[in-house]
Amino acid sequence: MAGRLSIAVIGAGMGGLATAVALLRAGVDVTVYEQARKFARLGAGIQVGCNAMQVLRGLGLEQRIRSEAFYPRSWNNRDWRTGEVRYDQIFGPAAEAKYGAPYLLAHRGDLHATLASAVPGERIRLDHKLTGLDDRAGSVMLGFADGSTAVHDGVVAADGVHSLVRQLLFGAEKPSFTGRIAYRTTFPAALLGGYDIGECTKWWGEDRHIVIYYVKPDRSEVYFVTSQPEPGFTVESWSAKGDMPTLRAAFDGFHPQVQHVLAACPDVHKWALADRDPLPQWQDGNVTLLGDACHPMTPYMAQGAAMALEDAAVLSRLLAEVNDPAGIHGAFRRLEATRKPRTSRVQLTSRTNTWLREKTDVDWVYSYNPWTAPLAA
């Protein structure tokens with residue numbers, strides 16, 4: 001019955017692809033519209049928490065991502081100068097046994113490719129930049145930059161932090177820049193010359209930090225991401241190039257392990273960090289937002305993509321119960337009611353940048369399973 005529903009997903013990022021896979025498995029007819037002309041393996045890492053792994057397991061993708069990702073013993077938090085351990089959050093087999101799923105470190109491109117592998121090619125429309133939509137009480141018409149149109153029963157907008165659908169539904173949103181920027185990149189670990197960098201370490205400075213970890217099971221690729229003050233930069237795009245001498249100078253005096261990684265790094269990108277409050281409303285009619293489109297957050301908990309994956313799993317459970325387009329709006333309202341308390345808590349916790357700095361209660365994050373979590377009435 002649910003197969004009669006036709007859902008458009010706007011955006012083929014992590015949240016959009018996860019939504020497509022989950023809805024297809026629930027018997028829903030899905031088409032994904034993506035503005036990019038092709039997928040690219042961009043140089044960035046991602047922490048795939050135990051809660052996110054529950055989603056991938058439910059989608060039948062656990063073994064593929066495990067074969068591509070690094071399995072760390074812990075997230076080690078150390079003093080920027082002395083290297084003293086402030087808090088060592090143990091993962092590995094102990095966390096897998098406790099939370100029912102592993103904690104992995106991966107390249108974003110590898111996670112994206114894993115999700116894309118589960119979506120039939122004919123379900124993805126590349127080079128389709130959305131320009132407008134019209135919710136016509138029972139169906140939604142989409143317009144694209146190439147002049148084409150499409151009509152679906154409902155729309156899931158997973159079009160990211162700069163969501164056009166959010167703007168069309170609720171007006172333009174002005175980001176609140178924090179005065180801080182993040183530098184990030186991946187590069188071949190061979191450039192380290194055999195130097196030991198641990199497995200996953202966050203180096204806590206007085207007003208800045210850097211997180212360093214491997215993203216491949218053979219430790220062949222290393223990733224880092226930083227956060228430091230740079231008030232004059234307000235470009236919220238990972239395509240902006242950073243200057244390595246400037247970055248190295250910003251971490252002058254940090255532990256030799258940090259110095260070695262930065263000295264070996266050939267190039268880097270940077271992003272202006274913005275903070276946003278929880279969005280008052282996610283849905284309107286048969287259109288809903290999902291992932292960063294409705295709850296973008298600072299990266300300090302490494303949970304942004306995980307929240308989008310959780311959204312996708314919960315939405316698929318809700319739409320699996322719907323057998324008529326008239327029920328889509330109710331399912332979208334239940335998605336918001338089910339997910340907003342959790343995503344808002346993660347947003348507000350992440351903005352403090354205190355996650356794992358000292359001994360931290362992590363159970364409420366990593367023990368969550370969106371396939372079994374209670375749904376709002």
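FYI, the numbering just counts along the sequence from 1.
Neither F91 nor V85 shares a network with the other; the hydrophobic side chains, linked directly or stepwise wherever heavy atoms of I, L, V, M, F, W or Y lie under 4.5 Å apart, form separate groups for each.
Remark: the backbone N or O of G291 is paired with a side-chain donor or acceptor of D311 at under 3.5 angstrom. H152 contributes no side-chain N or O that, together with a main-chain N or O of G154, makes up a donor-acceptor pair within less than 3.5 Å. R342 places a side-chain N or O within donor-acceptor distance of the main-chain N or O of V365, the cut-off being under 3.5 Å. Side chain of R166 to main chain of V161: a donor-acceptor pair is present (N/O by atom type, distance under 3.5 Å, no hydrogens or angles).
Figure legend: K216 and F70 shown without cation-pi pairing, the cationic atom not lying both under 6.0 angstrom from the six-membered ring centre and within 45 degrees of its axis. Geometrically, R345 engages W364 in a cation-pi contact defined by less than 6.0 Å to the ring centre and at most 45° from the axis.
Ring to ring, Y183 and H269 are not that close: their centroids are 6.0 angstrom or more apart. Ring centers of W80 and H255: at least 6.0 Å apart, outside the cut-off.
Using a 30° and 60° split on the angle between ring planes, Y195 and H260 fall in the parallel class, below 30°.
Under the 4.5 Å side-chain criterion, counting only non-hydrogen atoms from C-beta, Q283 is not in contact with L335.
Here the CG-CG distance, from N353 to D207, works out to 11.0 Å after rounding to the nearest 0.5 Å.
Counting only N and O atoms by type, the side chains of S227 and R180 include a donor and acceptor under 3.5 Å apart.
The side chain to side chain contact (heavy atoms under 4.5 Å, CB included) search around D275 returns T178, T298, R351, not counting sequence neighbours. Contacts of Y213 classified as ring-ring contact (aromatic ring centres under 6.0 Å, His included), with partners at least two apart in sequence or in another chain: Y223.
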